[in-house]
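A short worksheet on the structure shown next.
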Amino acid sequence: MILLTGGTGFLGSRILAELLNNGDKVVVIKRSFSNTKKIEDFLTHENVYFFDIDIYDPQELFKKYSIKTIIHAATEYGRGTTPIVKLLEANLILPMRLVEIGLNHGVECFINTDSFFTKRTTTYSNLANYSLSKKSLINWLKQLPKNIKIINVVLEHIYGPDDDTSKFIENTIQKIAVQKVPEINFTHGHQKRDFVYIDDVVAAYIKLIQYGSKNNFCFETFEVGTGRSYEVREMIETIQHLSGSMTKLNFGAIGYRSDEIMESKAEIKKLMALGWNPTITLQNGIEKILKKYKVIDIK
């Protein structure tokens with residue numbers, strides 16, 4: 001049985017859907033007040049069990065279910081006025097609490113969700129608290145007893161339909177292709193990102209679950225992306241071109257941050273060796289989103 005955090009979110013809900021499609025039994029940790037819109041089709045599924053972490057003691061969860069793998073997909077970025085305590089609870093306290101209890105109940109593998117932001121030796125100021133919390137978790141995970149296997153999944157710039165509108169690509173698509181606002185200000189857009197579509201990311205998690213169940217190791221990191229980076233400007237212009245929007249794109253109206261990450265891409269050879277390959281190009285991915293939003297009709 002698999003334990004999943006973040007199952008009501010963008011990434012977690014897609015992982016849940018694929019696990020259930022594969023016939024796996026899944027325990028989803030959530031809060032009693034979590035928005036379950038993304039998983040409404042699975043609320044009564046016979047192979048999914050929900051556990052409200054804000055009401056019940058997780059000790060009871062591990063006593064009731066025989067959990068072998070934990071997937072930690074819950075993430076708090078700490079944008080805006082989010083209290084640091086809330087960020088630490090999601091990114092550090094919750095996963096360590098689950099691992100610590102799981103160690104005493106036969107959990108074999110813990111799969112952590114990390115980000116390209118944390119690959120740098122310095123902290124990215126735009127998400128400083130987030131980066132610090134994720135790096136702290138990695139340090140703690142490396143100190144765990146050797147009888148649990150740790151997989152750290154470093155995601156590049158993940159995107160797909162129905163993501164949170166606070167995310168850059170989703171926000172940009174909404175403004176340019178859906179709302180067709182008159183104009184938008186951007187930086188010059190020369191930052192290069194490895195844009196990886198949600199379906200490819202989920203497929204990577206499935207491969208890593210299999211890897212964790214069949215192999216012996218202590219701590220391994222896998223980067224998930226396409227292995228290729230594109231300028232942000234190219235991505236934005238692709239959205240405009242495919243949607244036929246007349247939104248004026250004011251490139252250069254916003255300055256770069258002093259510590260802007262100018263390029264990031266995944267090293268995917270290690271993951272490809274497991275039989276995984278990215279299948280969706282940036283253009284195809286944007287087309288899928290625009291079709292889902294009924295902006296275009298692609299057969």
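This structure is a prediction, so every number in the text was calculated from the model and none was measured.
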Is it the case that one hydrophobic cluster holds both [X] and [Y], taking links as side-chain heavy atoms less than 4.5 Å apart, direct or via other members?
X: Phe251; Y: Met246; value: no
X: Leu274; Y: Ile15; value: yes
X: Val181; Y: Leu290; value: yes

Are more than 12 heavy atoms from other residues, nucleotides or ligands located less than 6.0 Å from atom [atom1] of [X]?
X: Phe168; atom1: CZ; value: yes
X: Lys25; atom1: NZ; value: no
X: Ile84; atom1: CD1; value: no

Of all heavy-atom pairs between [X] and [Y], which one has the smallest distance, and what is that distance?
X: Ile239; Y: Ser243; value: O-OG, 2.8 Å
X: Glu231; Y: Gly189; value: CB-O, 3.6 Å
X: Ala266; Y: Gly225; value: CB-N, 3.6 Å
X: Phe217; Y: Ile150; value: CE1-O, 3.5 Å

From CA spacing to verdict: side chain to side chain donor-acceptor pair (under 3.5 Å), Glu263, Ser229:
CA-CA 7 Å; Glu263 182 170 13; Ser229 60; 2.8 Å; yes

Keeping [X] on the side-chain end and [Y] on the backbone end, is there a donor-acceptor pair under 3.5 Å?
X: Asp164; Y: Ser166; answer: yes
X: Asn91; Y: Lys134; answer: no
X: Thr281; Y: Asn284; answer: yes
X: Lys180; Y: Ala177; answer: yes
X: Asp54; Y: Arg31; answer: no
X: Asp114; Y: Asn152; answer: no
X: Asp194; Y: Thr226; answer: yes
X: Ser13; Y: Lys38; answer: no
X: Tyr65; Y: Val26; answer: no
X: Lys68; Y: Met1; answer: no

For a quick check under 3.5 Å, do [X] and [Y] share a side-chain donor-acceptor pair by atom type?
X: Thr8; Y: Asn35; value: no
X: Thr5; Y: His72; value: yes
X: Gln283; Y: Thr238; value: no
X: Tyr77; Y: Thr82; value: no
X: Thr247; Y: Gln240; value: no

Got a salt bridge between [X] and [Y], using NZ or NE/NH1/NH2 to carboxylate O under 4.0 Å?
X: Lys270; Y: Glu220; answer: yes
X: Glu234; Y: Arg228; answer: no
X: Lys30; Y: Asp52; answer: yes
X: Arg14; Y: Asp199; answer: no
X: Lys63; Y: Glu60; answer: yes
X: Lys269; Y: Glu223; answer: no

Proximity of Phe222 and Tyr211 rings by center, below 6.0 Å
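Yes: the rings meet the under 6.0 Å criterion.
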
I'd like to know whether the aromatic ring centres of Phe195 and His157 sit less than 6.0 Å apart in this structure.
yes

Give the C-alpha distance, both sets of side-chain angles, the deciding distance and a yes or no for salt bridge (Lys or Arg N to Asp or Glu O under 4.0 Å) between Lys175 and Glu183.
CA-CA 9 Å; Lys175 288 182 177 178; Glu183 61 179 334; over 6 Å; no

Is there side-chain contact between Tyr197 and Ile158, with heavy atoms separated by less than 4.5 Å?
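Contact flag for Tyr197/Ile158 side chains = no.
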
Pair up each side-chain donor or acceptor in residues 92-110 with any protein partner under 3.5 Å, not counting sequence neighbours, and list the distances.
| from | atom 1 | to | atom 2 | distance (Å) |
| --- | --- | --- | --- | --- |
| His105 | ND1 | Ile101 | O | 3.0 |

Begin with the C-alpha distance, continue with both residues' side-chain angles, and end with the deciding distance and a verdict on side chain to side chain contact (heavy atoms under 4.5 Å, CB included) for Lys248 and Asn250.
CA-CA 6 Å; Lys248 182 181 178 183; Asn250 298 324; 3.1 Å; yes

Cation-aromatic face contact Arg233/Phe186, 6.0 Å, 45 degrees
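No - Arg233 does not lie over the ring of Phe186 by the 6.0 Å and 45° rule.
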
